[in-house]
Every structure is written in structure tokens, then in C-alpha cells.
Amino acid sequence: MRFALLATITATSACLLIGCGNAGKAAPTTDELTYRIVYDGPTRPPDLDGKSALFMRAGEKNVTVGIGAELLREMFPKPEKATEIRQLPPGFTEDYLSRGWETEDESVGWVSYSGQAVLVMQTLRRLEDGDLQRDYVQQYTRLFSGIEPTVIQGATASFWFWQNGPHRFMICGTKSRKGGIDITLALGDVSIMDALRMMPSKAEFDKGRADTAWAEDAAKAAKNKQASK
């Protein structure tokens, strides 16, 4: 999914942008398009001097807000057959740059401002629910010990948010139409995260719409199956 392709509710707000899983998939249906959301962009420049205890793991290294964007190319090397991501999210001015890559199984992308990363996202596709809890939720709960997360759980999408100083970290697990769980990690300046709906209040709304969309799809599938008999 490219920045220009706004998320459908079936992807939820955690997978709105930066290559979150549209590679090789069909275009959104008419029903999915009714759930599209408009983005206005950041309301203020990011705080490049702000510090926090939050980070994202990249192998044995820590990615932090404000890290040099070029270092991210080394931390997340582009696979040989990956598709490059360069398009900015809607509402972002030319003061920002976006870079990243996407494969069938993984997407990595970042937004930078004055050469410094202000948002980093990674999506891993079709994992197991146990992977989400064990390898991500439990790991970051331990790493961010002392910072209480905000947890929002639904039938098809669940979110965990940690906020410290001017930064926010999010984990989102969404039910995949191809089976398993898609897991998205996002770290960014609060103003950037807010602009992309990566915030508890929006996640609560999107979780409900995602659950509704899945229920509607299941009902349609059952109806079609009955009609075909």
C-alpha cells in the first residue's frame, strides 16, 4: 500500500500508510472505498530536539526519532526484489521526504524532516497471534518498563500505544484476509502520528469500523454461499 492509497478500514489506522500490505492485492472494493479517511497533515513541525525513552528495535540496534534518515537505509536494507516507496502521505508538504520499501511479506518506511527521521514504520505480514503477543507486545512492554501502554482490542484489530515526551510508539495487530495477523510497528513524533491517525482516540474508532467491515463481509460470504447451493 503506497502513501497515495489511503487506507480502508479493513487495514485499520495502523496500516494506513508506508507500504502496509497492498503488494499483489486487488484494488479496494466499492464497499471498502466508503470507509476512506481524509488526512490534513501535521499541525506543527516535529520536535527534533525532544527526547524520550521510546525506540524501535532493528536487529540489535535501536531506532529513535531524530536519527539520521540515511542510517535507516543501513538498519533496514532494501531486499533485492522489493518495491521502493517514495511518495509522501497526503497532507504533508515538500519539507518532508519519505523513503522505504515493500515486499509481499514485509514493508519498511520512514518520513524525514531536515534529514532526521520523524516517523518509522515496519509491517510484517501473515504472522501468528502468538508472535504478536510474545515477540512484540511482551517484548516492548518489558523494554518500556515504567511507561503504561494504552491498549485497544477488537475482534479484527488491536492496538498498543506508549507515549513518552514528544514521541509515541504503536503496535497494531490486524486480521489478514490472507490468513494470520499483520503486525505494524510505528515510532514517531506525536504531531506526525496524530496526522496519520496513529493515536488512541482514532484507533478506537477505526477498530470498531474494522470489526463492522469484517462482519459485513462474513455475512455477504454466507449469503453468497447459500445462494450458490
Side-chain angles (χ1 to χ4, degrees), residues 7 9-18 20-21 37 39 42-43 46-47 50-67 72 75-76 89 106-111 117-176 180-211 214:
I9 272 304
T10 53
T12 76
S13 65
C15 299
L16 297 177
L17 305 161
I18 312 186
C20 288
I37 299 166
Y39 301 87
T43 58
D47 182 357
K51 304 296 181 184
S52 80
L54 303 179
F55 55 87
M56 179 190 296
R57 294 292 287 164
E60 297 300 317
K61 298 181 179 179
N62 292 341
V63 176
T64 57
V65 175
I67 192 172
L72 291 172
M75 293 180 168
F76 297 104
E106 183 179 7
S107 300
V108 173
W110 57 88
V111 174
V118 294
L119 174 74
V120 183
M121 286 183 65
Q122 180 183 30
T123 295
L124 302 163
R125 293 188 262 286
R126 297 179 297 280
L127 302 182
E128 298 298 324
D129 186 61
D131 298 328
L132 169 63
Q133 293 294 334
R134 180 186 63 252
D135 297 337
Y136 297 97
V137 175
Q138 292 179 13
Q139 177 190 31
Y140 280 100
T141 298
R142 184 173 63 254
L143 290 172
F144 299 153
S145 177
I147 305 174
E148 190 69 23
T150 298
V151 182
I152 299 167
Q153 292 188 291
T156 58
S158 295
F159 302 82
W160 291 260
F161 292 94
W162 288 262
Q163 188 160 327
N164 184 252
H167 304 153
R168 183 181 298 143
F169 181 79
M170 179 192 74
I171 298 175
C172 175
T174 60
K175 186 177 179 180
S176 172
I181 300 289
D182 291 347
I183 298 173
T184 295
L185 311 177
L187 171 72
D189 181 274
V190 167
S191 68
I192 307 299
M193 300 283 280
D194 286 353
L196 300 179
R197 297 177 60 86
M198 297 179 197
M199 55 196 299
S201 61
K202 302 300 184 183
E204 185 71 50
F205 172 82
D206 292 343
K207 176 220 41 168
R209 299 300 286 278
D211 288 349
W214 274 91

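- For the pair Leu132/Val137, a side-chain contact is recorded, criterion being any heavy-atom separation below 4.5 Å from C-beta on.
- The minimum heavy-atom distance linking Ala58 with Val63 is given by the pair CB-CG2, 3.8 Å.
- Rounding to the nearest 0.5 Å places CD1 of Ile183 at 9.0 Å from CD of Gln133.
- Note: Phe76 CZ to Glu106 CD = 8.0 Å, rounded to the nearest 0.5 Å.
- The CE atom of Met56 sits 11.0 Å away from atom OG1 of Thr64, with the distance rounded to the nearest 0.5 Å.
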*Take Gln122 and Trp110 through the test side-chain contact (heavy atoms from CB on, under 4.5 Å) and record every step on the way to the result.*
CA-CA 9 Å; Gln122 180 183 30; Trp110 57 88; over 6 Å; no

*Could you please spell out the steps behind the side-chain contact (heavy atoms from CB on, under 4.5 Å) verdict for Leu54 and Ile147?*
CA-CA 9 Å; Leu54 303 179; Ile147 305 174; 3.9 Å; yes

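- With Asp182 contributing its side chain and Thr174 its backbone, the two residues share no donor-acceptor pair below 3.5 Å.
- A 4.5 Å side-chain heavy-atom check between Asp131 and Ile181 finds every atom pair outside the cut-off.
- Around atom CD of Glu128, no more than 12 heavy atoms belonging to other residues, nucleotides or ligands sit under 6.0 Å away.
- Between Phe169 and Phe55, the ring center distance fails the sub-6.0 Å criterion.
- A tilted orientation is assigned to the rings of Tyr140 and Trp162, their planes being inclined by 30° to 60°.
- Rounding to the nearest 0.5 Å gives a distance of 8.5 Å between CZ of Phe161 and CE of Met199.
- Heavy-atom minimum distance, Ser158 versus Gln153: OG-CA, 3.5 Å.
- Contact between Ala195 and Pro42 at its shortest, heavy atoms only, is CB-N, 3.5 Å.
- Ser52 and Arg168 share no side-chain donor-acceptor pair at under 3.5 Å.
- In terms of heavy-atom proximity, Pro200 sits nearest to Ile152 at O-CD1, 3.2 Å.
- Asn62 contributes no side-chain N or O that, together with a main-chain N or O of Arg57, makes up a donor-acceptor pair within less than 3.5 Å.
- When side chains are defined from C-beta on, Asp194 does not count as touching Thr43, because their heavy atoms never get closer than 4.5 Å.
- The two residues His167 and Gly50 have their closest heavy-atom pair at CE1-O, 3.5 Å.
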_I'd like to know whether Met121 forms a side-chain contact (heavy atoms from CB on, under 4.5 Å) with Met198, so could you lay out the CA-CA distance, the side-chain angles of the two residues, the decisive distance to 0.1 Å, and finally the verdict._
CA-CA 11 Å; Met121 286 183 65; Met198 297 179 197; 3.2 Å; yes

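- Considering all non-hydrogen atoms of both residues, Lys51 and Pro166 come closest at O-CD, 3.4 Å.
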*Show your reasoning for whether side-chain contact (heavy atoms from CB on, under 4.5 Å) applies to Phe144 and Asn164.*
CA-CA 10 Å; Phe144 299 153; Asn164 184 252; over 6 Å; no

